[in-house]
Amino acid sequence: RPATPRAPGPVPGVAPGGAGSAPCARRYPCAVTLHLFDTASRTTRELVPLRPGQVSMYVCGATVQSSPHIGHMRTAVAFDVLVRWLRRSGLAVTLIRNVTDVDDKILAKAAEAGVPWWAWAQRHEREFAAAHDALGVLPPTYEPRATGHVTEMVELMERLVERGHAYVSGPGDVWFDVRSFPGYGALTNQRPEDVGASPDEAGAADGTGAGGKRDPRDFALWKGVKPADPQDASWPTPFGRGRPGWHLECSAMARRYLGAEFDIHGGGIDLRFPHHENEQAQSRAAGDGFARTWVHSAWVTQGGAKMSKSLGNSLLVGTLLEQVRPVVLRYALASVHYRSMLEWSPETVHDAEATWDRLAGFVRRAHERVGTPDDDEVATADLPAAFAAALDDDLNVSAALAVVHEHLRAGNTALADGDRADARTALVAVRAMLDVLGLDPARWETGEGGSRASAALDALVRAELDVRARARAEKDWTTADAVRDRLAAAGVVVEDAPTGARWALAPEQED
RNA sequence: GGUGGAGUGGCCGAGUGGCUAGGCAGCGGCCUGCAAAGCCGUCUACACGGGUUCGAAUCCCGUCUCCACCUCCA
């Protein structure tokens, strides 16, 4: 986890005590409030919402040019935990997560596949949606598509041109003038002269200057349609026909749904430059305050290196879900601090699975003994102060999970001692904490699915277990163990509990 | 070259001056007909070299190694 220097004071421009003006809806002592690491200032500081009690948040979503992989899900889960924690803290969160549904790669891949670009985009957008659902990522408040916001983009470009921060070099080619904006580089702490040339097409890179970029660092706001491009991938504008540049979309959509200034802008760490730097430059040059806090999540790595497509498709969400339960995937992603690189290996999955089974096992046993608290009780239960403090400290999930395990152990001890009151207290606390992380077992462990096949399986296994129970009653251990071995061979593990034997499918074997 | 990070016990992973997280995997014990689950105990640490301090994984200086961004990328 990267270093987290503390800002000496409150957020610049906010009067001291401003945070206190918001009504405190927390269920635990209000002394602690969320501190987040802000990429722009490179400090951890208190989140003071622009509007008391509300948080506006924009997270860069997918460019739907290929299938989702585990890295995409890491970012999604990281921000999902942030949203859940903000809401649990009593704040009303508006989350915008965009879909970039037109860009050069989508056009190129669709052409290669011989399908319309919009069909290609739609197909992958659905895959992302399914992956998000599978991992329990809450849907955003609004999920705008780039192609539906050309009007807002044109407006933004017009403002930039009027203010002298953008220029048109040819039909449909509109550029941001980096030299016109002294603040360029502020987000990523680069001096403007150190910034490399932007490689946008039709720029100075072709050596002729025909594209008309005034400065190699200038980046495309709008890309004029080329003869070879599909005509339906372009839109008319006062500057000519073309399609949006990547950076422009997010600025336009953030403003459309969140206003000129908003609380949090998030995304994967790789988007910091150039994407977010350019977004900020555009929006601020146009006169908008834009994001007050920048939050970036780290990578999933393999072999110590950044995951890449050359590693094959073994880390595609679709492939992984054939091998591991979705909740285990979520646990693996959510249990590491969002700014730490997450090394992905078979052990990662194994550890997550073992730990998850421990958590879910306690909840299941506790439910058998003390009943099932309703969801409302869980959602409003007091959270242990140490857990809340951990999450308030820049979402220190590892420390928060340590608190979960403390309560889990207390709960297991209470169950073993037959102390139902203590067991129930621990159960509610554990579920409430896990719920904040999107990991409440009661919401994930819904039996074996309730299908006819699983009902039939359950009946058959129970018949076997009845045989075994009779044998055990007669101390016929040979018969009893034979039943258990037979079930084990079929992939069913048996566990004797005070309330009788229970069964479960054996975990997936490691290869 | 510019920018930003990382090196903690077998593995993963917290921890910004003292109270020595947590998980996984070992080992020992309790429980169990035997298991499983659970509980208790326990072994492996802070990249290296200096320094500051009564005391450093934690602060300072230096060294080494690794990674990311600067090109589309979550």
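As the structure is a prediction and not an experimental result, all values here were calculated from the model. Sequence lines set the chain letters: A, B, ... in the order given, protein chains first and strands last, and positions in each chain run from 1.
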Q. Looking for any heavy atom pair under 4.0 Å, which part of the strands does T188(A) touch: base, sugar-phosphate only, or nothing?
A. sugar-phosphate
Q: In whole angstrom, give the distance that lies between atom CD of E495(A) and atom C1' of G38(B).
A: 9 Å
Q: Figure out the NE2/P separation between H337(A) and U16(B), and round it to whole Å.
A: 12 Å
Q: Give a yes or no on whether the backbone of S41(A) and the side-chain of D38(A) come within a donor-acceptor separation of less than 3.5 Å.
A: yes
Q) Could you state the NE2-C1' distance from H72(A) to C72(B), rounded to the nearest angstrom? A) 11 Å
Q. What does V300(A) touch in the nucleic acid at a heavy-atom separation under 4.0 angstrom: a base, only the sugar-phosphate, or nothing?
A. base
Q.
Just to be sure I understand the rule, does A298(A) reach a base, reach only the sugar-phosphate, or reach nothing, if contact means heavy atoms closer than 4.0 Å?
A. base
Q.
Nearest whole Å is fine: how far is A74(B) P from W294(A) CH2?
A. 16 Å
Polar atom pairs between nucleotides 20-26 of chain B and protein, under 3.5 Å, N or O only, would you list them?
from	atom 1	to	atom 2	distance (Å)
G22(B)	O2'	H405(A)	ND1	3.2
G23(B)	OP1	R409(A)	NH2	2.6
G23(B)	O2'	T355(A)	OG1	2.3
G23(B)	N2	D351(A)	OD2	3.3
C24(B)	O2'	H350(A)	ND1	3.4
C24(B)	O2'	D351(A)	OD1	2.9

Q. Closest to the R472(A) side chain: G33(B), C72(B), G2(B)?
A. G33(B)
Q) Where the side chain of Q190(A) is defined as all heavy atoms beyond and including C-beta, which of G33(B), A36(B), G2(B) is the nearest nucleotide? A) G2(B)
Q. Has R42(A) got its NZ or CZ under 6.0 Å from the middle of the six-membered ring of F37(A), at an angle within 45 degrees of the ring axis?
A. no
**Q.** Base A35(B) to side chain R484(A), donor-acceptor N/O within 3.5 Å cut-off
**A.** yes
**Q.** U3(B) versus G62(B) - spacing of their P atoms, nearest Å
**A.** 16 Å
Q.
Ignoring hydrogens, what is the shortest heavy-atom contact between M153(A) and A252(A)? Give both atom names and the distance.
A. CG-CB, 3.7 Å
**Q.** For atom CG of N396(A) and atom P of U16(B), their distance in whole Å
**A.** 9 Å
Q. If pairing requires Watson-Crick or G-U wobble contacts with both distances under 3.5 Å, which nucleotide is the partner of U71(B)?
A. none
Q.
Counting the atoms with a prime plus P, OP1 and OP2 as sugar-phosphate, which does N412(A) contact under 4.0 Å by heavy atoms, base, sugar-phosphate, or nothing?
A. sugar-phosphate
Q) Between G4(B), A14(B), C70(B), which nucleotide has the shortest distance from any of its atoms to the side chain of P274(A)? A) C70(B)
Q: Would you indicate which nucleotide in G33(B), G4(B), A74(B) comes nearest to any side-chain atom of R42(A)?
A: G4(B)
Q. If you look at every strand shown and take non-hydrogen atoms under 4.0 Å, does V195(A) touch a base, only sugar-phosphate, or nothing?
A. nothing
**Q.** Distance-only side-chain donor-acceptor flag, N98(A) / T100(A), under 3.5 Å
**A.** yes
Q | Separation of H72(A) NE2 from L333(A) CG (nearest 0.5 Å) | A | 13.0 Å
Q. Using atom P of each nucleotide, how far apart are G10(B) and G26(B) to the nearest Å?
A. 16 Å
Q. Rounding to the closest angstrom, what is the interatomic distance between C48(B) and G5(B) at atom P?
A. 23 Å
Q: Assess the side chains of D458(A) and W503(A): does a donor N or O sit below 3.5 Å from an acceptor N or O?
A: yes
(Q) I want to confirm an ordering. Mapping A410(A) and G71(A) to their closest nucleotides on RNA chain B, which one lands closer to the 5' end? (A) A410(A)
Q. With respect to the phosphate group of U3(B), does any side-chain polar atom (N or O) of N189(A) fall under 4.0 Å of OP1 or OP2?
A. no
Q: Select one nucleotide: of C34(B), A74(B), G13(B), the one nearest the side-chain heavy atoms of R468(A).
A: C34(B)
Q: Could you please spell out the steps behind the ring pair (Phe, Tyr, Trp, His ring centres under 6.0 Å) verdict for H276(A) and H247(A)?
A: CA-CA 7 Å; H276(A) 288 163; H247(A) 317 303; 9.3 Å; no
Q: Could you list the residues that satisfy ring pair (Phe, Tyr, Trp, His ring centres under 6.0 Å) with W120(A), not counting sequence neighbours?
A: H124(A)
Q. Does a salt bridge link R462(A) with D466(A), judged by any charged N lying under 4.0 Å from a carboxylate O?
A. no
Q.
I'd like the C1' distance from U20(B) over to A14(B), given in whole Å.
A. 13 Å
Q: For U44(B) and C12(B), measure between their C1' atoms and round to the nearest Å.
A: 15 Å
Q. 5'-most contact on RNA chain B: D270(A) or W477(A), nearest heavy atom basis?
A. W477(A)
Q: Provide, to the nearest angstrom, the distance between the CG atom belonging to D393(A) and the C1' atom belonging to U16(B).
A: 11 Å
Q.
Output the rounded distance in Å from CG (D417(A)) to P (C30(B)).
A. 18 Å
Q. Any side-chain donor-acceptor pair under 3.5 Å between S251(A) and E279(A)?
A. no
**Q.** Distance in angstrom units between W299(A) CH2 and C67(B) P, rounded
**A.** 15 Å
Q | Rounded distance in Å between the C1' positions of C31(B) and A36(B) | A | 12 Å
Q.
Counting only Watson-Crick pairs (N1-N3 plus N6-O4 or O6-N4) and G-U wobbles (N1-O2, O6-N3), all under 3.5 Å, who is the partner of A6(B)?
A. U65(B)
Q. What interatomic distance, in whole Å, is found between C1' of C11(B) and the corresponding atom of A45(B)?
A. 13 Å
Q | Pairwise C1' distance for C46(B) and A6(B), with rounding to whole Å | A | 14 Å
